[in-house]
Amino acid sequence: MTELQRLLLAYDRHRAMARPCALATVVEVLGSAYRRPGARMLVTEDGELTGAISGGCLEGDARQRARQAIFRGQPALVTYDTRDEDDPRHGLGPGCQGVVRILLEPLDFAAPDNPIELLRGFARHPEPAVLATVFETDASGLKAAVGQRVLLSATGALRGTPLLAGPLAEAARATLAQGLSQVLDIETDAGPVRALLEVLVPPLRLVVYGAGNDAQPLVHLAASLGWHITVMDGRPNLATAARFPEAAAVRIMPVRELEMQVPDAGAYHVLLSHNYAYDLAALQTLLPTAAPYIGLLGPRAKAGRLLEELELTESETADVLQNRLYSPIGLDLGSETPEEIALAIVAEIQARRHQRNGRPLRERAGTVHAPALAMPVAGL
């Protein structure tokens with residue numbers, strides 16, 4: 001279950017019980033911090049927490065401030081400077097060495113476009129989107145604009161409060177095209193505002209070919225990351241929902257039907273069938289697509305034989321694969337057991353998705369997190 005899914009479940013529970021709550025959102029980070037902009041935490045009036053905005057150092061103070069925001073009925077922006085060794089609010093000492101800004105907002109259960117409902121709208125439609133959140137306005141401008149949001153989907157659909165929607169939507173379109181979250185100072189007719197434009201990405205889609213016992217820990221681990229998983233196998237006794245309760249779909253797919261399938265070109269595909277004919281049929285459907293990852297369990301010799309049987313020339317093989325075939329599958333973690341192999345596979349997919357090399361972070365030059373955009377001052 002993803003963090004967003006946990007927030008939605010908790011929100012629905014609080015709403016059903018009429019328990020007032022507030023949303024704490026990391027809107028800006030300067031320097032280093034445990035969580036990045038877009039991290040969220042739900043806080044009830046009596047202090048129950050769902051989600052996290054740090055590694056545990058800011059939650060206590062933020063909880064108290066969120067409860068104050070509920071009592072006052074007004075949003076608040078709080079800044080934590082973890083570089084300050086004398087700041088008693090977080091007790092970090094030198095800590096993360098960053099400045100973290102948190103927007104605290106009481107939630108109106110009756111408002112169809114409150115921040116949780118906007119996030120629910122994104123979750124219902126698995127496509128990229130940008131959520132623009134105003135968290136600061138000019139001192140002489142519209143204080144009421146703090147907390148206003150616009151959600152822009154990849155199809156151009158727009159949701160949110162009408163005030164400032166025009167300039168926020170224009171900035172959101174540019175952010176969606178760049179694919180990178182950013183903090184912007186935006187000029188509006190009502191005055192300048194500072195906003196987080198957060199790129200929202202749907203869960204990774206994973207297709208697993210093979211429903212053997214070694215597929216179970218892979219599905220379990222992938223599901224814990226919130227990935228959308230489909231399991232396919234031609235054996236009815238293995239391809240069952242009871243064996244894979246965390247998968248979104250489990251399909252009985254014999255070889256003859258697999259050969260006729262049009263695969264999901266945007267998904268990541270893992271071949272764990274231990275069946276040569278099944279792997280061959282899967283590769284036949286996958287190679288012509290733009291699927292970003294095709295992981296094949298087994299030795300290099302098996303992959304070579306499969307490619308030879310597909311009757312591809314050396315140049316054709318390089319062209320259709322484009323570094324998308326990963327065999328042997330997984331990162332080199334010394335894996336032996338099915339659980340360890342699942343970890344190696346999931347780690348490789350995560351690295352591939354974010355275009356990382358899977359090496360230790362201590363060997364990474366520069367910052368841990370990807371570069372971010374900010375105008376006109378440093379953001380994210």
Side-chain angles (χ1 to χ4, degrees), residues 1-29 33-80 89-90 100-125 129-137 142-151 159-164 168 181 194-198 200 203 226:
M1 184 181 295
T2 65
E3 189 172 61
L4 175 55
Q5 290 169 336
R6 288 192 291 271
L7 285 176
L8 291 173
L9 287 175
Y11 171 84
D12 289 342
R13 177 165 50 86
H14 300 327
R15 181 176 58 182
M17 299 172 63
R19 297 174 70 189
C21 56
L23 183 67
T25 305
V26 178
V27 290
E28 189 171 21
V29 171
Y34 185 78
R35 298 298 305 271
R36 307 304 294 166
R40 298 176 179 86
M41 180 175 72
L42 199 62
V43 185
T44 65
E45 187 177 43
D46 55 0
E48 181 181 332
L49 303 181
T50 304
I53 53 173
S54 75
C57 49
L58 304 181
E59 276 74 3
D61 186 77
R63 170 166 48 191
Q64 296 304 319
R65 291 172 179 268
R67 295 171 70 184
Q68 292 173 11
I70 294 172
F71 176 77
R72 295 169 181 165
Q74 295 291 332
L77 181 67
V78 59
T79 299
Y80 296 95
R89 292 179 298 175
H90 44 73
V100 183
R101 309 189 77 190
I102 310 291
L103 179 62
L104 306 168
E105 305 165 89
L107 296 175
D108 180 0
F109 292 136
D113 286 331
N114 74 35
I116 295 294
E117 295 299 343
L118 288 179
L119 289 167
R120 191 195 307 276
F122 159 73
R124 285 175 174 168
H125 303 284
V130 169
L131 183 62
T133 302
V134 173
F135 62 87
E136 195 171 32
T137 65
L142 291 175
K143 291 290 185 184
V146 171
Q148 290 199 340
R149 287 174 171 82
V150 166
L151 177 68
R159 283 186 62 185
T161 50
L163 183 63
L164 308 180
L168 283 181
S181 299
R194 191 160 178 82
L196 166 65
L197 289 94
E198 177 191 0
L200 302 176

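Along the sequence shown, the residues carry numbers beginning at 1.
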Colleague: Return the SG to CD1 distance between Cys21 and Ile116, rounded to the nearest 0.5 Å.
Modeller: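 Interatomic distance, Cys21 SG to Ile116 CD1, rounded to 0.5 Å: 7.5 Å.
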Colleague: Using the test salt bridge (charged side-chain N to carboxylate O under 4.0 Å, His left out), find all partners of Glu117 that sit at least two apart in sequence or belong to another chain.
Modeller: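 Partners of Glu117 under the salt bridge (charged side-chain N to carboxylate O under 4.0 Å, His left out) test: Arg15, Arg120.
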Colleague: Between Thr133 and Leu103, is the side-chain contact (heavy atoms from CB on, under 4.5 Å) condition met? List the steps.
Modeller: CA-CA 10 Å; Thr133 302; Leu103 179 62; 3.8 Å; yes
Colleague: Could you pull out the closest heavy-atom pair between Phe135 and Leu77, with the gap in Å?
Modeller: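 Minimum heavy-atom contact is O-CD2, 3.5 Å.
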Colleague: Donor-acceptor pair, Glu59 side chain versus Ala52 backbone, under 3.5 Å?
Modeller: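 A pair under 3.5 Å: no.
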Colleague: On a heavy-atom basis, which atom in Gly226 and which in Thr2 lie closest, and how many Å separate them?
Modeller: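 For Gly226 and Thr2, the tightest heavy-atom pair comes out as CA-CG2, 3.2 Å.
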Colleague: For Pro203, enumerate each residue passing the side-chain contact (heavy atoms from CB on, under 4.5 Å) test, keeping only those at least two apart in sequence or located in another chain.
Modeller: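 Not a single residue meets the side-chain contact (heavy atoms from CB on, under 4.5 Å) criterion with Pro203.
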Colleague: Of all heavy-atom pairs between Leu196 and Gly38, which one has the smallest distance, and what is that distance?
Modeller: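 What the structure gives for the nearest pair is CD2-N, 4.0 Å.
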Colleague: Residues two or more places apart in sequence or in another chain: which of them pass side chain to side chain donor-acceptor pair (under 3.5 Å) with Arg63?
Modeller: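 Arg63 satisfies side chain to side chain donor-acceptor pair (under 3.5 Å) with no residue once adjacent residues are dropped.
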Colleague: Give me the atom names and distance for the closest heavy-atom approach of Tyr34 to Gly55.
Modeller: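 That closest heavy-atom pairing would be CD2-N, 3.2 Å.
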Colleague: In Å and rounded to the nearest 0.5 Å, what is the CG to CG distance from Leu131 to Leu168?
Modeller: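 Here the rounded value is 10.0 Å.
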Colleague: Evaluate the criterion side-chain contact (heavy atoms from CB on, under 4.5 Å) for residue pair Asp46 and Arg19; output intermediate values, then yes/no.
Modeller: CA-CA 9 Å; Asp46 55 0; Arg19 297 174 70 189; 2.9 Å; yes
Colleague: Compare every heavy atom of Pro106 with every heavy atom of Ala69, then report the nearest pair and how far apart it is.
Modeller: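 Taking every non-hydrogen atom into account, O-CG, 3.7 Å.
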Colleague: Do you know the tightest heavy-atom contact between Leu200 and Leu151?
Modeller: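 Heavy atoms only, the tightest pair is CD1-CD1, 4.0 Å.
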Colleague: From Leu8 CG over to Arg124 CZ, what is the distance, rounded to the nearest 0.5 angstrom?
Modeller: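 Reported to 0.5 Å precision, the distance equals 8.5 Å.
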Colleague: Once you round to the nearest 0.5 Å, how far does CZ of Arg65 lie from CZ of Arg72?
Modeller: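 Atom-to-atom, Arg65:CZ and Arg72:CZ are 9.0 Å apart.
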Colleague: Taking side-chain contact (heavy atoms from CB on, under 4.5 Å) as the test, write out the residues that go with Ala24, two or more places apart.
Modeller: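 Ala24: side-chain contact (heavy atoms from CB on, under 4.5 Å) contacts with Met41, Ile53, Ile102, Leu104.
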Colleague: Rounded to the nearest 0.5 Å, how far apart are CZ of Arg101 and CD of Glu136?
Modeller: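 Answer rounded to 0.5 Å: 4.0 Å.
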Colleague: Listed by chain and number, what are the salt bridge (charged side-chain N to carboxylate O under 4.0 Å, His left out) partners of Arg67, not counting sequence neighbours?
Modeller: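 Listed in chain order: nothing, the list is empty.
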Colleague: Could you pull out all residues at least two apart from Ala10 that satisfy side-chain contact (heavy atoms from CB on, under 4.5 Å)?
Modeller: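 Once residues adjacent in sequence are excluded, the partners of Ala10 under the side-chain contact (heavy atoms from CB on, under 4.5 Å) criterion are Arg13, His14, Leu42, Thr50.
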Colleague: Please list, chain by chain and in numerical order, all residues satisfying salt bridge (charged side-chain N to carboxylate O under 4.0 Å, His left out) with Asp108, sequence neighbours excluded.
Modeller: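 For Asp108 there are no salt bridge (charged side-chain N to carboxylate O under 4.0 Å, His left out) partners, ignoring immediate neighbours.
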Colleague: Identify, with sequence neighbours excluded, every residue that meets ring-ring contact (aromatic ring centres under 6.0 Å, His included) alongside Phe109.
Modeller: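 In terms of ring-ring contact (aromatic ring centres under 6.0 Å, His included), with neighbours along the sequence ignored, Phe109 is linked to Tyr11.
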Colleague: By side-chain contact (heavy atoms from CB on, under 4.5 Å), which residues pair with Thr25, not counting sequence neighbours?
Modeller: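 Only Leu23, Val27, Arg40, Glu105, Arg149 meet the side-chain contact (heavy atoms from CB on, under 4.5 Å) criterion with Thr25.
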